[in-house]
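Below is one structure, written out as structure tokens; the observations come after it.
Below, chain A is the first sequence line, B the second, and so on; all start at residue 1.
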2 protein chains.
Amino acid sequence: MAKVIVYEEPSLEEAKKIVKNALSRKKNIYILANCSVDYFGRSSSHLEFGERLIIIKSDGALLIHRPVGHSPVNWQPETSYIDVSYDSEEEVLVMKALRTRPREVVAIKLDNIFLIVEAELYDSGAFYMHISEKEIRDILATNPEILGEKLTTIDVEKKVEPGFIDLYLKDKKGNVVVVEIKRLTARVDAVRQLKKYINSLKSHMRTEKIRGIIVAPSITKKAQELLLKEKLEFKQINIEALSKYVGKTEKRSLFDYLK
Amino acid sequence: MAKVIVYEEPSLEEAKKIVKNALSRKKNIYILANCSVDYFGRSSSHLEFGERLIIIKSDGALLIHRPVGHSPVNWQPETSYIDVSYDSEEEVLVMKALRTRPREVVAIKLDNIFLIVEAELYDSGAFYMHISEKEIRDILATNPEILGEKLTTIDVEKKVEPGFIDLYLKDKKGNVVVVEIKRLTARVDAVRQLKKYINSLKSHMRTEKIRGIIVAPSITKKAQELLLKEKLEFKQINIEALSKYVGKTEKRSLFDYLK
DNA sequence: CGTGCCAGGTGCCTT
DNA sequence: AAGGCACTTGGCACG
């Protein structure tokens, strides 16, 4: 059961103690404060003072969220070190989140703190995501008949010069079949990708006929046109129907990786 | 100055009133609760019960953050509508965040609420990001001599069949110069991109010599090799040095776009 | 570690 | 709506 401690309107000196203490005990910290943010690393940015939510997670992840917009305005994943100090000159609390690889710093200056929440959260719930392109690929590799004809899987993620062929099969006539899978609507770039793979294969093995199939739940008109022009094929798949195969290949909990 | 109201351990029925009221007045809402999350839309996912932070912003953005990891486990940008109801069957508070384009739903079931914070935050601080690829491109377009020779800018973002050429110049001998800019280390894909553009140009204008230059602060070994093989060039730029040109083209605050 | 590629990518612009 | 592409993209797998 979660332990939550709320500090309303602490002074900057109090806040420094609270945050340092919470950090040392690996708590989650949520701060509502007027602050400015500077970032320097792969890029650099400056955010003028304003009222925001600062999140520091138990693994050191740092996020600064403005009152609007779903993405954080500044952030730092897996901070190796968070330094908290009081700058008596500017009269601000300075929190610096450092990361070593890549070398980046997020520095927050807080001049007015409305709320600090220190929380110990218990969260071991598994997260299941259905269904990735990889899963579709694995299902089709083991069950190529889903594509509506007798096919034999030769290779998965076959390396060719321009990249990787999702599925490399042979049909019952012995033709090579190259499959490009899209989990969502296939667009022209998917068709171009498929064409590139086929061209690459053709340059190495001239004689045989090579078929190319786009496998996706739907396809855009432009992609359809290019498909026709290039004499390639489209096979519609039903993601819902494929879902029942999930687990027969493998189903994993992402949380295992989050430790 | 921010208005912050804290509700500690409200009942589910109380929470329903608090959240509905806060939503109607477009407040920022932060909830610490034991909850499960289901997402259905472009993909679908299920997150088992656990203790998390739920953020609802004044523009309807919704985020669910676990105690670790810098990215939200589930989210909904610009929710068109958030429905809050009490399910007496399961004894949970249900919050459904709907989005119409694309059609997606995030449904949160809360069975134990530790804290609700309602906040009205004032944040009009401008956000400045330095320095984007676009800025580098604009600086080089107006000051092509930075590349170390006499060049004339003919076009910016010139459309060719495979995409857009960052900079299209001519050198003092009248040769066409195609420039591909990378803000960070240039990789092989950058060289391939450049080669594609040149090939496309060559197919339209056979006679002239076309030079290709990768412009970046650094380049990977593999990219360097391909560059040599393709007889293309690399021009190193110093991002720090370019920074002083920022503002001479244009400097904009991202906040203008956030409304 | 670099290279390649998917992601509920997001965000921005242009057609 | 769709294409094209940058992004502090993040994330995983593989050599």
Tell me the interatomic distance from [X], atom [atom1], to [N], atom [atom2], rounded to whole angstroms.
X         : N       : atom1 : atom2 : answer
Glu135(B) : dA6(D)  : CD    : P     : 15 Å
Leu184(A) : dA2(D)  : CG    : C1'   : 14 Å
Glu157(A) : dG15(D) : CD    : C1'   : 15 Å
Glu180(A) : dG4(C)  : CD    : P     : 17 Å
Glu225(A) : dA1(D)  : CD    : C1'   : 14 Å
His130(A) : dC6(C)  : NE2   : C1'   : 18 Å
Asp59(A)  : dG11(D) : CG    : C1'   : 15 Å
Arg183(B) : dC5(D)  : CZ    : C1'   : 13 Å

### Summary
Exactly one of Leu167(A), Val179(A), Thr153(A), Val177(A) clears side chain to side chain contact (heavy atoms under 4.5 Å, CB included) with Pro144(A), and that residue is Thr153(A)

#### Entry: Residue met sooner reading DNA chain D from 5', once Gly163(B) and Gly41(A) are mapped to nucleotides
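Looking at the nearest nucleotide for each, Gly163(B) comes out on the 5' side.
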
### Query
Which residue, Asp189(A) or Glu133(B), contacts DNA chain D at a nucleotide closer to its 5' end, judged by nearest heavy atom?
Asp189(A)

With heavy atoms under 4.0 Å as the rule, sort [X] into base, sugar-phosphate or nothing.
X         : result
Thr185(B) : nothing
Phe164(B) : sugar-phosphate
Lys182(B) : sugar-phosphate
Ser44(A)  : nothing
Lys221(B) : nothing

### Query
Can you list the residues that meet the salt bridge (Lys or Arg N to Asp or Glu O under 4.0 Å) rule with Glu180(A), with sequence neighbours excluded?
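With sequence neighbours excluded, Glu180(A) shows a salt bridge (Lys or Arg N to Asp or Glu O under 4.0 Å) to Lys182(A), given in chain and number order.
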
Just to confirm, is there a sub-4.0 Å distance from OP1 or OP2 of [N] to any side-chain nitrogen or oxygen of [X]?
X         : N       : answer
Trp75(B)  : dT10(C) : yes
Arg42(B)  : dG9(C)  : yes
Ser71(A)  : dG11(C) : yes
Tyr128(A) : dG8(C)  : no

Where the side chain of [X] is defined as all heavy atoms beyond and including C-beta, which of [options] is the nearest nucleotide?
X         : options                  : value
His70(A)  : dT8(D), dG11(C), dG11(D) : dG11(C)
Arg192(A) : dG4(D), dT9(D), dG11(D)  : dG4(D)
Pro77(A)  : dG10(D), dA13(D), dG3(D) : dG10(D)
Thr220(B) : dC5(D), dA13(D), dT3(C)  : dT3(C)
Met129(A) : dT9(D), dG11(C), dG8(C)  : dG8(C)

Taking the [atom1] atom in each of [N] and [M], what is the distance between them to the nearest angstrom?
N      : M      : atom1 : answer
dC5(C) : dT8(D) : P     : 22 Å
dA7(C) : dA6(D) : C1'   : 16 Å
dG8(C) : dG4(D) : P     : 23 Å

### 5'-most by nearest nucleotide on DNA chain C - Val188(B) or Val73(B)
Val188(B)

### Query
Are Ser45(B) and Asp38(B) linked by a side-chain donor-acceptor pair shorter than 3.5 Å?
no

### Query
Does a donor on one side chain sit under 3.5 Å from an acceptor on the other, for Thr185(B) and Thr220(B)?
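Their side chains do not contain a donor-acceptor pair, so the 3.5 Å distance test is not met.
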
### Message
Is it true that, when you exclude Lys229(A) itself, more than 12 heavy atoms of the residues, nucleotides or ligands shown sit nearer than 6.0 Å to its NZ?
### Response
no

### Message
Could you check whether atom NZ of Lys159(B) has more than 12 heavy atoms from other residues, nucleotides or ligands sitting under 6.0 Å from it?
### Response
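Yes - once you tally the heavy atoms of other residues, nucleotides and ligands closer than 6.0 Å, there are more than 12.
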
### Message
Check Arg183(B) with Glu135(B), please: is the shortest side-chain N to carboxylate O separation under 4.0 Å?
### Response
no

### Query
Do the side chain of Gln76(B) and the base of dG8(C) come within less than 3.5 angstrom through a donor-acceptor pair of N or O atoms?
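Donor-acceptor pair under 3.5 Å: yes.
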
### Query
Does a distance-only test, which skips hydrogens and angles, find a donor-acceptor pair under 3.5 Å between the side chain of Asn74(A) and the base of dT8(D)?
yes

### Task
Specify whether Tyr128(B) and His46(A) have parallel, tilted or perpendicular ring planes, treating 30° as the upper limit for parallel and 60° as the lower limit for perpendicular.
parallel

### Message
Please list, in numerical order, the residues of residues 92-110 of chain A that have a heavy atom closer than 4.0 Å to any atom of DNA chain D.
### Response
Glu104(A)

### Message
Between Arg52(A) and Cys35(A) (side chain of the first, backbone of the second, donor and acceptor by atom type, cut-off under 3.5 Å), is there such a pair?
### Response
yes

